[in-house]
Chemist: 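Here it is: the structure, laid out below.
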Amino acid sequence: MKRPLGVSAIALLVVGFSALMLYRAASRPRLRLEDKFLLASAALCFLGLIAAEALWSLRGRAFLAFSLWSMGAVACMVMSRMPLASSGHGIRLMGPIAGAGLAYALAALYLRRAV
């Protein structure tokens, strides 16, 4: 069975976004190993590898793995926007979260039909 091009692109984007989140977590100032964002990013990388493998090989669990990864990605995105020290300024989360949620929902709808 030949893998659709969209599924391959989504698998590569899953790995790329997971690596980007891990890079952002590792390059933060005052990095500690017990930092929650670092641990969440490492877990997101693990979920990303599982989801990308399932998508790449068109396994039956690919949709579930992508759904779990997308929930983790939204949580990591929120954690990445939180400041290290409270500066008293508001954090604008609605735009990026809504955009990412819409993109993940469209990808999930496509994957539901393709896988």
Side-chain angles (χ1 to χ4, degrees):
M1 183 174 181
K2 189 166 164 82
R3 179 182 332 106
L5 182 64
V7 174
S8 300
I10 290 173
L12 292 174
L13 288 173
V14 163
V15 171
F17 186 77
S18 299
L20 177 69
M21 280 292 136
L22 188 61
Y23 172 74
R24 282 185 183 175
S27 64
R28 280 184 121 174
R30 293 181 278 156
L31 178 69
R32 295 187 323 253
L33 285 179
E34 59 270 357
D35 188 17
K36 290 181 178 134
F37 179 47
L38 181 63
L39 294 175
S41 297
L44 181 69
C45 273
F46 181 69
L47 281 174
L49 289 175
I50 290 172
E53 187 276 327
L55 287 168
W56 197 261
S57 60
L58 295 175
R59 297 189 190 267
R61 66 175 192 262
F63 180 74
L64 175 65
F66 177 78
S67 299
L68 289 174
W69 175 83
S70 64
M71 287 185 276
V74 168
C76 276
M77 189 181 305
V78 169
M79 292 174 96
S80 73
R81 301 270 180 178
M82 295 295 173
L84 292 176
S86 62
S87 60
H89 298 287
I91 302 168
R92 302 202 186 274
L93 288 174
M94 188 60 190
I97 299 301
L102 184 61
Y104 296 150
L106 291 175
L109 287 174
Y110 172 74
L111 288 176
R112 191 67 185 155
R113 294 197 58 147
V115 176

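Reckoned from all heavy atoms, side chains included, excluding hydrogens, waters and symmetry mates. Not measured: the values here are computed from a predicted model.
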Chemist: Suppose the criterion is salt bridge (charged side-chain N to carboxylate O under 4.0 Å, His left out): which pairs have a residue in residues 6-19, not counting sequence neighbours?
Modeler: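 Every pair satisfying salt bridge (charged side-chain N to carboxylate O under 4.0 Å, His left out) with a residue in residues 6-19: there are none.
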Chemist: Taking all atoms of both residues into account, what is the closest heavy-atom pair of A51 and V14, and its distance?
Modeler: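 So the minimum-distance heavy-atom pair works out to CB-CG1, 4.3 Å.
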Chemist: Say whether L49 and L64 are linked into one hydrophobic cluster, either directly or through other cluster members, by side-chain heavy-atom distances under 4.5 angstrom.
Modeler: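 Different clusters.
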Chemist: Once side-chain hydrogen bond (donor to acceptor under 3.5 Å, both in side chains) is applied, what residue pairs with a partner in residues 42-61 remain, sequence neighbours excluded?
Modeler: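 Found E53-S57, E53-R59, E53-R61, S57-R59.
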Chemist: Using the rule given for side-chain contact (heavy atoms from CB on, under 4.5 Å), can you reason through M21 versus S80, listing the C-alpha separation, both sets of side-chain angles and the distance that settles it, and then say yes or no?
Modeler: CA-CA 8 Å; M21 280 292 136; S80 73; 4.3 Å; yes
Chemist: If I compare all heavy atoms of F37 with all of R24, which pair ends up nearest, and what's the gap?
Modeler: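 Minimum heavy-atom contact is CE2-C, 4.0 Å.
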Chemist: Hydrophobic cluster membership, with links at side-chain heavy-atom distances under 4.5 Å among I/L/V/M/F/W/Y: are L22 and L13 in one?
Modeler: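 L22 and L13: separate clusters.
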Chemist: Tell me whether L55 shares a hydrophobic cluster with I50, the cluster being built from Ile, Leu, Val, Met, Phe, Trp, Tyr side chains joined at under 4.5 Å.
Modeler: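 Hydrophobic grouping puts L55 apart from I50.
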Chemist: Of all the heavy-atom pairs spanning S41 and C76, show the shortest one and how long it is.
Modeler: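 Closest heavy-atom pair between S41 and C76: N-SG, 3.8 Å.
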Chemist: Taking all heavy atoms of F63 and all of A108, pick out the closest pair and write down the distance.
Modeler: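 Result for this residue pair: CE1-O, 3.3 Å.
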Chemist: Could you tell me whether the side chain of I10 reaches within less than 4.5 Å of the side chain of Y110, counting heavy atoms only?
Modeler: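 Side-chain contact under 4.5 Å: yes.
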Chemist: Once rounded to the nearest 0.5 Å, what's the spacing between atom CE of M79 and atom CG of L38?
Modeler: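 The distance works out to 10.0 Å.
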Chemist: Applying a strict under-4.5 Å side-chain criterion to I, L, V, M, F, W and Y, I'd like to know whether F46 and L39 cluster together.
Modeler: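 No: no chain of side-chain contacts under 4.5 Å links F46 to L39.
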Chemist: Hydrophobic clustering (ILVMFWY, side-chain heavy atoms < 4.5 Å, transitive) - are M77 and W69 grouped together?
Modeler: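 Yes; tracing contacts between hydrophobic side chains, which count when under 4.5 Å, links both residues.
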Chemist: Measuring only between side-chain heavy atoms, which start at C-beta, is V74 closer than 4.5 Å to I97?
Modeler: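 Answer yes - side chains close enough.
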Chemist: Give the minimum heavy-atom separation between S18 and C45, together with the two atoms involved.
Modeler: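 Closest pair (atom of S18, atom of C45, distance): O-SG, 3.2 Å.
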Chemist: What's the spacing between M71 CE and F66 CZ if we round to 0.5 Å?
Modeler: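 So the CE of M71 and the CZ of F66 are separated by 10.5 Å.
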Chemist: Does L5 CG have over 12 foreign heavy atoms under 6.0 Å away?
Modeler: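 No, not enclosed.
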